[in-house]
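Report on one structure; see the data block that follows.
Values below: all heavy atoms of this structure, side chains included; hydrogens, waters and symmetry mates excluded. Chain letters run A, B, ... following the sequence lines, proteins first and then strands; every chain starts at 1.
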Number of protein chains: 2
Amino acid sequence: MMSKKCKYAIKALIALAEHYEQGNLFTADISKAQNIPKKFLEQILLELKHAGFLGSKQGYGGGYYMKKNPAEITVADIYRLFDGNIALLPCVSLLRYESCDDCQDEAACTLKREFAKIREQTRLIMVNTTIQSFLTQEK
Amino acid sequence: MMSKKCKYAIKALIALAEHYEQGNLFTADISKAQNIPKKFLEQILLELKHAGFLGSKQGYGGGYYMKKNPAEITVADIYRLFDGNIALLPCVSLLRYESCDDCQDEAACTLKREFAKIREQTRLIMVNTTIQSFLTQEK
DNA sequence: ATAAATTCTATCGAGTAAGTAGGGTATTAA
DNA sequence: TTAATACCCTACTTACTCGATAGAATTTAT
C-alpha cells in the first residue's frame, strides 16, 4: 500500500495536469476539490516543486502549476519520491541499491534472483503509467 | 519494500522446503544458517504454522517442517500474511477492499482504474513466484 | 503604505508499526 | 528428572505517518 502522502501527491498532480499551460491553481482550491488537508497538501506541493515537477508563483494571486509534461511524469517517479524503493528488497533496487545485512553470498542468492524479476515487472508498469494516464477517459 | 519479517519468513520457508518430507528443523538451526534473530524467528514460524504453511512437533527433538507443498506457497500468500495488501490503494485490493475516505465518486475514479491495472500485474507475478521458485538452480 | 492572499519553512505531537529482547509455560524424549 | 524444544505474552526502542500549529516571506490589490 502506498502512503496517503503519495496518493495525495498523485491526486494533486492530476488536478494540476487538467490545467496544464493554463495558469496556476491555489493550494486551497486543490485541497477542497480533492479532500486533502490543506497544510499537509502545502508540504506535498512544495516537495513536488523541489523535485522539479511543479512551478510556483508566490504572493497574492500566486499558486502552483505543472512544469513538466504530465505524460512524462510516471507513477514510479512519484512513488520513489514519497514512498521510496519500488523493489521489495534493497539488494534489487535499481536506483538505491543496498546489500542485505543478513545475506551471505549475494551472487548465489535466489531471493535476489526472483525479486529482481518481480521488481522489473512492477517497475515497468509503474513507469508506463503516467499522470496523463489518469486524465484519459478511454479504457 | 517488504518488511524484514516477511523476508525472514520467505528465507525460513526456503530452508524448510529444502527438507520437505525429510523431518523437522530446529528454530535455532534456521536462525544460525539464515542470520535471523532467534526470538524474532520464533514468532515468524509460529505465524506460518497458524496460517497452515508449517507443522511443528513440540518437546525434545521437536521443530518445524513444511506442511504445504512448496510449489503451492506463493510470494503473494506470504506478503499478504506479513505485509498486508498487494494493492497500492485500499479501493483496488482484491481480498481486503476498503473505500478511500477522500474519494467522491469511486466509479469514475481514474486512480482506481489505473491502480487496479497495476495491482493485477503485480499480483500475477507474485502469485507465479512460489517457494519452489527459489529452490531451482536454473535461470 | 497598508492589508490581504499566498507560498514557504520549521517544528511538534499523537498514533502506529518495525524490529527486536526477555521471561515464562507446556511438551516431549532421553 | 532433566534438558531441549515449541509456545506465548509483554515490553522496549526507534522510526515513520498523518497531520496540526505557528508563523515568515513574498507578492499584489487597494
Inset, instruction - Return the angle between end axes of the helix from C:dA1-D:dT30 to C:dA30-D:dT1, with five pairs used per end and rounding to 10°. - result: 0°

Inset, instruction - Inspect the contact between A:Lys4 and B:Asp101 and indicate whether a charged nitrogen and a carboxylate oxygen are less than 4.0 angstrom apart. - result: yes

Inset, instruction - Using a 4.0 Å cut-off on protein heavy atoms (strictly under), produce a 5'-to-3' string for nucleotides 11-20 of chain C with B for base contact, S for backbone-only sugar-phosphate contact, and - for none. - result: B-------SB

Inset, instruction - To the nearest 0.5 Å, tell me how far A:Lys32 NZ sits from A:Leu41 CG. - result: 12.5 Å

Legend entry - CD-CD1 distance between B:Gln121 and B:Ile86, expressed to the nearest 0.5 angstrom: 13.0 Å

Legend entry - N/O (side chain, A:Tyr60) to phosphate O (OP1/OP2, D:dA25) under 4.0 Å: no

Inset, instruction - Output yes when at least one side-chain N/O atom of A:Ser56 is less than 4.0 Å from OP1 or OP2 of C:dT7, else no. - result: no

Inset, instruction - Kindly say whether B:Leu25 contributes a backbone atom to a donor-acceptor pair with the side chain of B:Asp29 at under 3.5 angstrom? - result: no

Legend entry - Single-linkage hydrophobic cluster, 4.5 Å side-chain cutoff, A:Tyr79 and A:Leu54 together: yes

Inset, instruction - Please evaluate the base of D:dC7 for a donor-acceptor partner in the side chain of B:Glu42 within a cut-off of under 3.5 Å? - result: yes

Inset, instruction - Using a strict cut-off of less than 4.0 Å between a Lys/Arg side-chain nitrogen and an Asp/Glu carboxylate oxygen, indicate whether A:Lys117 and A:Glu120 qualify as a salt bridge. - result: no

Legend entry - Pairwise 5' ranking along DNA chain D for A:Gln58 and B:His50, keeping only the more 5' one: B:His50

Inset, instruction - Look up atom CG in A:Leu89 and atom OH in A:Tyr97, then write down how far apart they are to the nearest 0.5 Å. - result: 11.5 Å

